[in-house]
Engineer: 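What follows is a structure written as structure tokens; I'll ask about it next.
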2 protein chains.
Amino acid sequence: MDMISENACFGGTQGVYKHTSDVTGTDMTFGLFQPAEADDGPVPVLWFLSGLTCTHENAMTKAGAQAWAAEQGIALIFPDTSPRGPGVADDDAYDLGQGAGFYVNATQDPWAPHFQMWDYITEDLPELVFSKFPLDAERQGITGHSMGGHGALTIAMSLPDRFRSASAFSPICNPTGSDWGKKQLGAYLGDDTTKWVAHDASLLMKNVGFDGPMLIDTGTKDQFIDLLRPETLAAAIATRRQEATFRMQPGYDHSYFFVSSFMEDHVSFHAEALWA
Amino acid sequence: MDMISENACFGGTQGVYKHTSDVTGTDMTFGLFQPAEADDGPVPVLWFLSGLTCTHENAMTKAGAQAWAAEQGIALIFPDTSPRGPGVADDDAYDLGQGAGFYVNATQDPWAPHFQMWDYITEDLPELVFSKFPLDAERQGITGHSMGGHGALTIAMSLPDRFRSASAFSPICNPTGSDWGKKQLGAYLGDDTTKWVAHDASLLMKNVGFDGPMLIDTGTKDQFIDLLRPETLAAAIATRRQEATFRMQPGYDHSYFFVSSFMEDHVSFHAEALWA
């Protein structure tokens, strides 16, 4: 693992690191914020999964999360959204290929050789960060934005006991029923739609749910709201009687101005669960 | 004036607007954050002047200022750092020309026709924003980062009674004695160094000072600290007995991770003066 940069930030350290991933077969870059408390021993961790077109950097610089993580004494991890590089397949569209990994393990060519983002986020990167940094694997929460909200919710529900709390900003809630989903799940997983079910937060909520609190925020003026389909997740949450807070935030759109506006709420929500 | 974008943000609105400036002779873009309180009437204003290479956008997206401005009920203005466009002079260096206006009125060619950033920031843009938005011209504070800290401090000291409070993050403190200054002041103002004195915060502190509180933060690990020369400003503040808080922040560098870490302090500092 190589250190790319480390900056003092809110009394802690915002680092960027690069490592070679066995599962993607590429170099991968991630951001890690460690609060001052990490000097004294392992701290809780909040994963932030980013959306379409993003690298590890967007949320790290624009979401304003470090202020609140420092206050709560928890670390933040900002993974990349896909494998990258000259040998890695890509597509001209912004919503497929590099920057659009959708947090699945691709089984179809040309994606299968490198697009193994599910395993990267759930196995490869955790193994690295928990061995290299003072992070408490027993106290993990997960959140994300848009495609990253989809990733956070599907991963949280699929790995019981891994995460104590799960949240999302403007998540893609029902990709099997949306143009933000059908195209990508088809490309990465193939035409057999039974393979898609494990990657749809609304269907997972219907089928398995989450053993912990959830917090979901979506803006009423989100310009992509018809693609996000929050109504399907809201209905599934209510039907399951899932412990959750589902909010439609008046006037807010899909931007990081929205994410940053409610970041304090999300970090506090996770901190309460992680420090319990 | 054209609206480029408006996003809901911390209960208020983060807007980006474009207008034709008479003094630069170009279109100019700026960011304006209005807190929710602006719906009920004029609110205080904090100007944020940005550093080398920046546009209106960097601080608007990376400094984390809106959270605290919303809490304090004050507006934020993020001007651009120079005129721009195909007809505007430029230089291959990152620290001269477009993105590097240095907050002066250029008298030398090829810069003089458009590089009139002093008048833009102190006359043209204020005239526009106070006529178009619910902002209280009697309650203005000014801050900035690096070259923008230089701009904030020199403008504040040169316009008595305009600003109630002035602050800076990692300001260029003594451009007449630094390679971040001599090159640019020479290019824009010519070789007569007596013309440079009005644009050196340390010399202005020695000669005139500021009738209000000041707050200056610089990181001890700032990679540009030898160019910033904070020691000259600290000495001038002490010699003048200027009301000021001058802080060297241990471990911090020149980045927006530093700026965002202390933004709450700066916004609170200005709010106290602006609401008094």
Side-chain angles (χ1 to χ4, degrees), chain A residues 4-16 31-36 39 54 57-71 76 78 169-170 217-223 225 247-268, chain B residues 4-16 31-36 39 54 57-71 76 78 169-170 217-223 225 247-268:
Chain A
I4 305 296
S5 62
E6 288 184 338
N7 299 86
C9 184
F10 287 95
T13 303
Q14 178 61 60
V16 176
L32 171 66
F33 171 73
Q34 295 182 72
D39 289 346
C54 289
E57 191 178 12
N58 302 63
M60 184 180 91
T61 57
K62 294 166 74 174
Q66 293 91 347
W68 317 115
E71 196 169 290
L76 300 166
F78 303 99
F169 301 85
S170 359
D217 274 318
T218 305
T220 62
K221 295 279 180 64
D222 192 306
Q223 59 271 46
I225 198 163
R247 307 188 297 195
M248 297 298 300
Q249 297 288 5
Y252 287 88
D253 58 29
H254 200 70
S255 69
Y256 271 100
F257 294 117
F258 166 61
V259 174
S260 61
S261 294
F262 295 96
M263 185 56 77
E264 182 179 14
D265 284 3
H266 282 246
V267 173
S268 298
Chain B
I4 304 296
S5 63
E6 288 185 341
N7 299 87
C9 183
F10 287 96
T13 303
Q14 178 60 60
V16 175
L32 172 67
F33 171 74
Q34 296 182 71
D39 290 346
C54 290
E57 192 179 10
N58 303 63
M60 184 180 92
T61 56
K62 293 165 73 175
Q66 293 92 346
W68 317 115
E71 196 169 289
L76 300 166
F78 303 99
F169 300 86
S170 357
D217 274 318
T218 304
T220 62
K221 295 277 181 66
D222 192 308
Q223 60 270 47
I225 199 163
R247 306 189 296 196
M248 297 298 300
Q249 298 288 4
Y252 287 89
D253 58 31
H254 199 70
S255 69
Y256 271 100
F257 294 116
F258 166 60
V259 174
S260 61
S261 294
F262 296 96
M263 185 56 76
E264 182 179 16
D265 284 2
H266 282 246
V267 173
S268 298

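Throughout, a chain's letter reflects where its sequence line sits, starting with A, and its residues are numbered from 1. Predicted model only: the values in this text are computed from it and were never measured.
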Engineer: Where on A/Gln66 is there a heavy atom nearer than 4.5 Å to chain B: the side chain, the backbone, both, or neither?
Structural biologist: side chain
Engineer: Would you mind reporting whether B/Ser260 and A/Phe10 have side-chain heavy atoms less than 4.5 Å apart?
Structural biologist: yes
Engineer: At a heavy-atom separation under 4.5 Å, does A/Ser255 approach chain B through its side chain, its backbone, both, or neither?
Structural biologist: side chain
Engineer: Examine whether an atom of A/Gln223 lies under 4.5 Å from a heavy atom of chain B, and if so say whether it belongs to the side chain, the backbone or both; otherwise answer neither.
Structural biologist: neither
Engineer: In terms of heavy-atom proximity below 4.5 Å to chain B, should A/Met60 be classed as side chain, backbone, both, or neither?
Structural biologist: both
Engineer: When rounded to the nearest 0.5 angstrom, what distance separates CD in A/Glu264 from CD in B/Glu71?
Structural biologist: 7.5 Å
Engineer: Which heavy atom of A/Gly251 sits nearest a heavy atom of B/Ala8, and at what distance?
Structural biologist: O-CB, 3.2 Å
Engineer: If you round to the nearest 0.5 Å, how far is OG of B/Ser261 from CD of A/Gln14?
Structural biologist: 10.0 Å
Engineer: State which residue, out of A/Tyr252, A/Phe257, A/Tyr256, fulfils the side-chain contact (heavy atoms from CB on, under 4.5 Å) condition with B/Asn7.
Structural biologist: A/Phe257
Engineer: If you round to the nearest 0.5 Å, how far is CD of B/Glu6 from NZ of A/Lys221?
Structural biologist: 10.5 Å
